[in-house]
Undergrad: 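Quick one: structure below, then a few questions.
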Amino acid sequence: EDKFSVDPSIGIGLPEVEGVFGLYEKTYFAPYFAVCRKGLMDTSLWSQFNETVILNCYPQCDKTIVRCPLTNKLLQGPVVIKTDAGPGRLAKEATSWEFRERMHDRGLIIMLDLPNGTSVTQDMDQGYTDFK
């Protein structure tokens with residue numbers, strides 16, 4: 001089993017992540033990385049990632065859209081995550097439905113595509129063609 005262990009020191013010295021995301025000004029976050037024993041995304045890690053990383057980056061995430069009456073700037077509203085329906089995100093699992101319903105109630109809308117289908121559909125690549 002030693003060959004399957006991860007040395008936690010790989011996280012030492014990683015730069016902070018900076019961005020505005022769903023906040024009002026540039027914010028710095030510590031990097032986040034996690035692994036599962038099998039090396040794949042599982043339901044627990046998927047849940048942890050969304051609750052720990054995504055919702056922290058978008059604290060104004062909410063089902064209800066609220067705009068500033070003077071500037072029409074979005075003050076709160078939903079965040080959409082589009083991902084494949086790979087391991088840990090499978091739509092047929094009861095825990096997946098419950099988790100996605102809980103996230104939807106908090107304003108995080110999770111859209112599932114084909115299982116492990118990102119290499120087939122590549123619909124997200126259109127937004128990144130300039131960077132290839």
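Excluded from the calculations below are hydrogen atoms, water molecules and symmetry mates; all remaining heavy atoms, backbone and side chain alike, are included. Since the structure is predicted, the reported quantities are computational estimates derived from the model, not experimental observations.
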Undergrad: According to side-chain hydrogen bond (donor to acceptor under 3.5 Å, both in side chains), does anything in residues 51-60 pair up with another residue at least two apart or in another chain? List the pairs.
TA: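 Listed once each, the pairs are Ser47-Glu51, Glu51-Arg102.
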
Undergrad: Could you grab the distance from atom CG of Asn50 to atom SG of Cys61, nearest 0.5 Å is fine?
TA: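 It is 10.0 Å, given to the nearest 0.5 Å.
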
Undergrad: Evaluate the side-chain proximity of Glu98 to Glu101: yes if any heavy-atom separation is below 4.5 Å, no if none is.
TA: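 Contact flag for Glu101/Glu98 side chains = no.
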
Undergrad: Among all residues two or more places apart in sequence or in another chain, which pass the side-chain hydrogen bond (donor to acceptor under 3.5 Å, both in side chains) test with Glu18?
TA: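 Lys26.
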
Undergrad: My understanding is that only residues two or more places apart in sequence, or in another chain, count here; which of them pass ring pair (Phe, Tyr, Trp, His ring centres under 6.0 Å) with Phe21?
TA: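 Expected list: Phe29.
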
Undergrad: Determine whether Ile12 and Tyr32 fall in the same hydrophobic cluster, where Ile, Leu, Val, Met, Phe, Trp and Tyr are linked whenever their side-chain heavy atoms lie under 4.5 Å apart.
TA: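 The answer is no; the residues belong to distinct hydrophobic clusters.
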
Undergrad: Considering only heavy atoms from C-beta outward, does the side chain of Glu25 approach that of Val20 to under 4.5 Å?
TA: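 Not touching, per the 4.5 Å side-chain cut-off.
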
Undergrad: From Leu23 CG over to Thr27 OG1, what is the distance, rounded to the nearest 0.5 angstrom?
TA: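 If we round to the nearest 0.5 Å, Leu23:CG and Thr27:OG1 are 4.0 Å apart.
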
Undergrad: Hydrophobic cluster membership, with links at side-chain heavy-atom distances under 4.5 Å among I/L/V/M/F/W/Y: are Val17 and Val79 in one?
TA: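 Looking at the clustering, Val79 is in the same group as Val17.
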
Undergrad: Kindly write out the residues that satisfy ring pair (Phe, Tyr, Trp, His ring centres under 6.0 Å) with Phe49, not counting sequence neighbours, or none if the list is empty.
TA: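 Per chain and number, Phe49 pairs via ring pair (Phe, Tyr, Trp, His ring centres under 6.0 Å) with no residue.
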
Undergrad: Quick one: CD1 on Ile81 to CZ on Arg100, what's the gap to the nearest 0.5 Å?
TA: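 Spacing of CD1 (Ile81) from CZ (Arg100) equals 13.0 Å.
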
Undergrad: Do you know the tightest heavy-atom contact between Gly22 and Pro59?
TA: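 Shortest heavy-atom contact: O-CD, 4.2 Å.
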
Undergrad: Tell me the side-chain hydrogen bond (donor to acceptor under 3.5 Å, both in side chains) pairs involving residues 65-80, sequence neighbours left out?
TA: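 Listed by first then second residue: Asp62-Gln76.
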
Undergrad: Running the 4.5 Å side-chain criterion over Ile, Leu, Val, Met, Phe, Trp and Tyr, what cluster does Ile109 land in, apart from itself?
TA: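 Grouped by the 4.5 Å side-chain rule, Val80, Met111 form the rest of the cluster around Ile109.
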
Undergrad: Yes or no on side-chain contact (heavy atoms from CB on, under 4.5 Å) for Leu108 and Ile54, after CA distance, side-chain angles and deciding distance?
TA: CA-CA 9 Å; Leu108 185 63; Ile54 300 298; 3.8 Å; yes

Undergrad: Do Ile65 and Ile110 share a hydrophobic cluster, counting only Ile, Leu, Val, Met, Phe, Trp and Tyr and linking them when any side-chain heavy atoms are less than 4.5 Å apart?
TA: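 No, separate clusters.
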
